[in-house]
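Input: a single structure, listed below in structure tokens.
Residue numbering restarts at 1 for every chain, and letters A, B, ... go by the order of the sequence lines.
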Amino acid sequence: MNKNYSYFDLVYEITRNIPSGRVTTYGAIADYLGLGSARMVGWALNQVHGSYTDVPAHRVVNRLGELSGRNHFPDPDYMANMLKQEGIEVVDNKITEFKKYFWHPENLDSIL
DNA sequence: GACCTGACGCCCC
DNA sequence: AGGGGCGCCAGGT
């Protein structure tokens, strides 16, 4: 059937809608989509590494605000650099005041 | 076809 | 407060 639209696409959709200067977590996306597993979100974003270059995967971090996916980018510092460029303070691959920048997919309704 | 690992997260000690 | 273990789903070996 039309399995072209898997939860992958939903993850990309959400990620694409993360406002600049804001970040969300794997768990938040998984919870919002009812996936039941945050790992699946990471897996989906792993596929981005190649195509879907318009998906700002650097804005998705773990629940501690750590850039756990930095090693999966061409440059290990790409994530930190992009986030800094967007006005987010990153120290030692971790977002300071993470709660301040946190954006929940629930807020999708606001921007749509 | 079974086993292991992985861009995570929660519970328990 | 910090560290370790188990569960979740999918894909690769």
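Remark: P of C/dC8 and CG of A/L35 are 14 Å apart, rounded to the nearest angstrom. Atom pair A/M79:CE and B/dA7:C1' shows a separation of 8 Å (rounding to whole Å applied). Distance CG (A/L64) to C1' (C/dG3): 13 Å, rounded to an integer number of Å. Atom CZ of A/F8 is separated from atom P of C/dC9 by 14 Å (rounded to the nearest Å). Rounded to a whole Å, the CG atom of A/N46 is 7 Å from the C1' atom of B/dA7. Taking atom CD1 of residue A/I29 and atom P of nucleotide B/dG9, one finds them 10 Å apart after rounding to whole Å. Rounded to whole angstrom, the span from the OH atom of A/Y32 across to the P atom of B/dG9 amounts to 18 Å. Taking atom OH of A/Y26 as the reference point, atom P of B/dG6 lies 15 Å away to the nearest angstrom.
With rounding to the nearest 0.5 angstrom, the CG atom of A/L45 is 6.0 Å from the CD1 atom of A/I29.
In this model, no side-chain donor or acceptor of A/R39 finds a partner on the base of B/dG9 within 3.5 Å.
The shortest non-hydrogen separation linking A/F98 to A/V61 is CE1-CG2, 3.6 Å. Here the shortest heavy-atom pairing between A/Y32 and A/P105 reads CG-CB, 3.6 Å.
Under 4.0 angstrom from either OP1 or OP2 of B/dG9 there lies no side-chain N or O belonging to A/S37.
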Could you walk me through whether A/V23 and A/I18 pass the side chain to side chain contact (heavy atoms under 4.5 Å, CB included) test, one step at a time?
-> CA-CA 7 Å; A/V23 293; A/I18 301 174; 5.6 Å; no
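Residues A/M40 and A/G27 each lie close to DNA chain B; by heavy-atom proximity, the contact nearer the 5' end of the strand is made by A/M40.
Of the candidates B/dA7, B/dG6, B/dC10, the closest approach to any side-chain atom of A/R63 belongs to B/dC10.
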